[in-house]
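Quick one: the structure is below, and I'll ask about it shortly.
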Amino acid sequence: MYVWAVDVSFIINHLGEERYKYYGAVTPPLIRSSNFSFNTVDELRQAFASEKNVYLYTRGNNPTTEILRKKLAALAGADDALVFSSGVAAIAAAIMSHVKAGDHIVCVQKPYSWTERLLRDYLPRFGVTTTFVDGTNTDNYVKASTSATKVWMLESPNTFTFELQDIEALTTLAKERNIVTVADNSYCTSLGQRCIEMGVDIEVHSASKYYGGHSDMVAGVLLAGRETVKKIFETEWMNLGAILSPDEAWMMLRSLRTLPLRLQRIQQTTEEVVRFLENHPLVEKVFYPFSNSHPQYQLARKQMKWCGGLFSALLRLETTEKVEEFCNHLRAFLMAVSWGGHESLVLPACSFFPRGQLSDDRYPYNLVRFYIGLEDASYLIGDLQNAFDQDKAKNVSQL
Ligand SMILES: *Cc1c(COP(=O)(O)O)cnc(C)c1O
């Protein structure tokens, strides 16, 4: 089990909190104010001159949000952070800040669905095109790149089939070519995978997952060097305006207090559940980067310090109906998208296509994604066992 560095405790409990300014309060203040006032014309003039560094209006800076930004940047080992109203907003800002008409992007195949939509459907309207490649082979990024390529988009692992990209190898090759790397690190969090230290230029997250951690907010994080954050602050941040509200920034500060605790617990439980499934006769295969049956197990162990609660399994059930029955029988697992909260989830791939169809262009009918939350392992395993047994009981009664 990975043990976080000591400074993680300092960051989540103290960094950025100037308690002497607010009565020694242990919890940071929630400053909802949209607007900030000045005593003299000259103070106001100076504020206009450097909005990046002052509190003028909350679409720029806000004191509550700023505490959160400092903690998130420190957790990632990045100079600075911006927090957005969704992960998708952070991803769009990271990518759009580095392309113009005529530019080209290379992206890993099967990224998060709305990353794919942005690159495949939206950006071509502005003359920006994307090639999607199998990222398990680093060479594919190089081969797909041209002199117009400005951004390499990574997502390692992706969140349904868990394919990895070799992050250090790709950032080294990108730097030689003056290409900016953007990595979606939602699966591992900054604690679980050190993207910035591995040379990634812009690390992005859906904070709706582990950083929020309680399925009660939608939020995004962008982490980068000082100059890059300044550039994005002055363009996509201020212009598109997809900021996180101070209320949600405050909620995320609260969630960060328990982030390491939640991550440790989730990994422990997930390993137990994965072991149960791998040994179950009705499971053909489990896709989990820290399982030694994962085709990129060595790379996973090399570049990931922590493996999350999200994995998928191919069930040995002959029909879509049986897969549906198995999922319908689960009680401890809620049937839903997303992940990263306290509650365990199940998401069957067969829900993406019409009933009875055996696959779509990417997933077979018997692939089921699971997310492991904060419940006891025995409670979850008992529920899975029960759902498998229901199927067995039915088979017997049919004989
Ligand atoms: C959920 C998710 C996103 C999108 O984040 P939102 O906060 O829902 O906008 C992006 N990438 C990955 C890997 C995700 O799981």
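Along the sequence shown, residues are numbered consecutively beginning with 1. Numbering of ligands and ligand atoms starts at 1, following listing order. These numbers come from the heavy atoms of this one structure, side chains and all, not from hydrogens, waters or symmetry mates.
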Heavy-atom contacts under 4.0 Å to ligand 1, chain-then-number order, include exactly S86, G87, V88, I91, Y112, E155, T159, D184, S186, S206, S208, K209, V218, A219, W339
**D376 and R265 ion-paired at < 4.0 Å** = yes
Residues at least two apart in sequence or cross-chain that pass side chain to side chain donor-acceptor pair (under 3.5 Å) with Q165, listed by chain then number, are none
Check your understanding: Taking NZ, NE, NH1 and NH2 as the nitrogens, is one of them in R355 or E324 under 4.0 Å from a carboxylate oxygen of the other?
Key -> yes
For this session: Quick one: name the residues clustered hydrophobically with L170, using the 4.5 Å side-chain heavy-atom rule over I, L, V, M, F, W, Y, and just say none if it's on its own.
Result: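 Its cluster mates, by chain and number, are V106, V108, V133, Y141, V142, W152, L154, I167, L173, I179, M198, V200.
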field: Any side-chain heavy-atom pair of S344 and Y379 under 4.5 Å
entry: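 In short, these two side chains do not touch, never coming nearer than 4.5 Å.
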### Query
Taking only residues two or more places apart in sequence or in another chain, which ones pass salt bridge (charged side-chain N to carboxylate O under 4.0 Å, His left out) with D134?
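Scan of D134 (salt bridge (charged side-chain N to carboxylate O under 4.0 Å, His left out), adjacent residues dropped) gives none.
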